[in-house]
Amino acid sequence: MEFSDGQDPYTRDDFKTEIEEAITRLEKANDVAQEAVSFHLARASGLFFSRFGTMDEFMMASEDVKMGYIEELNQREDEYAETDRFASYAFALFKMWVGTVIECDRELMVLFVERLGPFMNRGEKLILELLDEEENENTH
């Protein structure tokens with residue numbers, strides 16, 4: 001992932017600011033928005049790990065695979081933008097995290113873990129609750 005296209009320099013500091021602003025918006029959102037974004041963040045994470053196994057396996061993938069995955073996240077973000085703004089926002093945040101992984105930017109990766117960790121945990125709990133409800137409905 002290159003921060004500059006030669007015409008409009010986009011620096012690492014710009015990317016960091018964009019990440020911080022996006023996370024701050026989520027932190028200031030109401031509970032319903034936070035829950036919805038948290039759910040979709042956990043979904044995006046689950047899809048990533050079911051596909052790649054680990055971050056290390058993702059990092060060992062070719063640049064084409066990594067950039068292809070970023071493009072897939074762009075497509076999901078765009079598709080959801082028309083139907084589910086919370087899902088779109090979650091996939092945008094997740095895409096930023098993937099960008100930090102690709103760049104091996106430890107500082108920004110830690111920023112994501114520290115600030116988005118509570119939302120990821122919340123989303124995972126929501127998913128588990130839904131699975132439990134579904135299982136209970138199927139057994140009764």
Side-chain angles (χ1 to χ4, degrees):
M1 186 163 131
E2 202 167 304
F3 289 120
S4 174
D5 64 8
Q7 294 176 1
D8 184 20
Y10 182 77
T11 67
R12 180 197 177 274
D13 287 340
D14 293 332
F15 186 50
K16 182 179 179 182
T17 299
E18 184 179 350
I19 291 167
E20 289 172 333
E21 288 173 353
I23 294 172
T24 298
R25 277 193 298 276
L26 177 58
E27 291 169 338
K28 290 181 177 182
N30 65 42
D31 281 347
V32 172
Q34 286 184 3
E35 257 190 29
V37 172
S38 295
F39 174 83
H40 290 292
L41 275 171
R43 240 183 86 228
S45 177
L47 292 169
F48 174 87
F49 287 107
S50 69
R51 180 171 177 178
F52 295 106
T54 65
M55 258 186 1
D56 289 339
E57 290 178 54
F58 175 73
M59 289 305 297
M60 290 187 290
S62 70
E63 288 301 309
D64 287 344
V65 168
K66 290 185 253 188
M67 290 302 107
Y69 188 64
I70 290 286
E71 186 53 39
E72 287 176 36
L73 292 174
N74 280 332
Q75 290 172 357
R76 281 192 185 236
E77 179 185 353
D78 291 346
E79 289 168 8
Y80 282 127
E82 298 185 20
T83 59
D84 187 338
R85 64 190 169 121
F86 300 122
S88 180
Y89 200 78
F91 277 89
L93 279 170
F94 192 76
K95 180 181 62 182
M96 289 177 190
W97 174 78
V98 171
T100 67
V101 171
I102 290 171
E103 290 296 317
C104 297
D105 191 321
R106 300 263 182 236
E107 178 192 354
L108 294 181
M109 289 166 63
V110 167
L111 173 72
F112 269 104
V113 169
E114 288 176 349
R115 298 215 18 223
L116 281 185
F119 296 103
M120 293 293 290
N121 292 338
R122 189 173 179 179
E124 288 170 4
K125 286 178 186 175
L126 288 169
I127 289 172
L128 290 174
E129 288 172 10
L130 288 173
L131 291 173
D132 284 346
E133 286 176 18
E134 191 175 287
E135 186 177 307
N136 287 335
E137 287 175 8
N138 291 337
T139 58
H140 288 68

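Just so you know, residue 1 is the first one in the sequence shown, and it goes up from there. Here the structure is a predicted model, which is why all the values come from computation and not from measurement. Only this structure's heavy atoms are used, side chains among them; waters, hydrogens and symmetry mates stay out.
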| request: Begin with the C-alpha distance, continue with both residues' side-chain angles, and end with the deciding distance and a verdict on side-chain contact (heavy atoms from CB on, under 4.5 Å) for I102 and F58. | output: CA-CA 9 Å; I102 290 171; F58 175 73; 3.7 Å; yes

| query | If you draw a 6.0 Å radius around CZ in R25, do more than 12 non-hydrogen atoms from other residues or ligands fall strictly inside? | reply | yes

| Side-chain donor/acceptor of Y80 to backbone N/O of Y89, under 3.5 Å | no

| message | Is the shortest side-chain heavy-atom distance between E124 and I127 below 4.5 Å? | response | no

| request: Evaluate the side-chain proximity of T11 to K16: yes if any heavy-atom separation is below 4.5 Å, no if none is. | output: no

| field | Between CZ on residue F112 and CD1 on residue I23, distance to nearest 0.5 Å | value | 5.0 Å

| field | M55-L108 co-clustered via ILVMFWY side chain contacts under 4.5 Å | value | yes

| field | Distance (rounded to the nearest 0.5 Å) between L116 CG and R122 CZ | value | 12.5 Å

| query | Got a second to check how far L111's CG is from E20's CD, nearest 0.5 Å? | reply | 5.5 Å

| query | Are K66 and E63 close enough for a salt bridge, meaning some N to O gap below 4.0 Å? | reply | yes

| request: For side-chain contact (heavy atoms from CB on, under 4.5 Å), just list the numbers for F86 and E35, CA-CA rounded to whole Å, side-chain angles, deciding distance to a tenth of an Å, and then say yes or no. | output: CA-CA 9 Å; F86 300 122; E35 257 190 29; over 6 Å; no

| If you take all heavy atoms of F91 and R76, which pair is closest and at what distance? | CE2-CD, 3.4 Å

| request: Rounded to the nearest 0.5 Å, what's the gap from CD on E18 to OH on Y10? Could you check? | output: 3.5 Å

| said: Evaluate L93 against F119 for side-chain contact (heavy atoms from CB on, under 4.5 Å), listing each step before the verdict. | reply: CA-CA 11 Å; L93 279 170; F119 296 103; over 6 Å; no

| message | Taking salt bridge (charged side-chain N to carboxylate O under 4.0 Å, His left out) as the definition, give me every residue that meets it alongside R115, ordered by chain and number, with sequence neighbours left out. | response | E27

| Those residues that, when tested against R51, pass side chain to side chain contact (heavy atoms under 4.5 Å, CB included) (two or more places apart) | Y69, E72

| Is any side-chain heavy atom of F52 closer than 4.5 Å to a side-chain heavy atom of V65? | yes

| message | N74: which residues meet the side chain to side chain contact (heavy atoms under 4.5 Å, CB included) condition with it, sequence neighbours left out? | response | I70, E71, E77, K95

| query | Got a second to check how far F15's CZ is from D105's CG, nearest 0.5 Å? | reply | 8.0 Å

| query | Does a side chain donor of either D14 or T17 reach within less than 3.5 Å of an acceptor in the other side chain? | reply | no

| request: Please check if the side chain of S38 supplies one atom and the backbone of G123 the other of a donor-acceptor pair under 3.5 Å. | output: no

| message | What I'd like to find out is whether the side chain of V98 reaches to under 4.5 Å of the side chain of F94, using heavy atoms alone. | response | yes

| task | Decide whether M60 and W97 are clustered together by the hydrophobic rule: side chain heavy atoms of Ile, Leu, Val, Met, Phe, Trp, Tyr closer than 4.5 Å, transitively. | result | no

| ILVMFWY network linking M96 to F39, side-chain heavy atoms under 4.5 angstrom | no

| query | Under 4.0 Å between a Lys/Arg side-chain N and an Asp/Glu carboxylate O for R12 and E103? | reply | no

| query | Any chain of hydrophobic side-chain contacts (each under 4.5 Å) joining V113 to F49? | reply | no

| said: Could you measure the distance from the CG atom of L126 to the NE2 atom of H40? Nearest 0.5 Å is fine. | reply: 10.0 Å

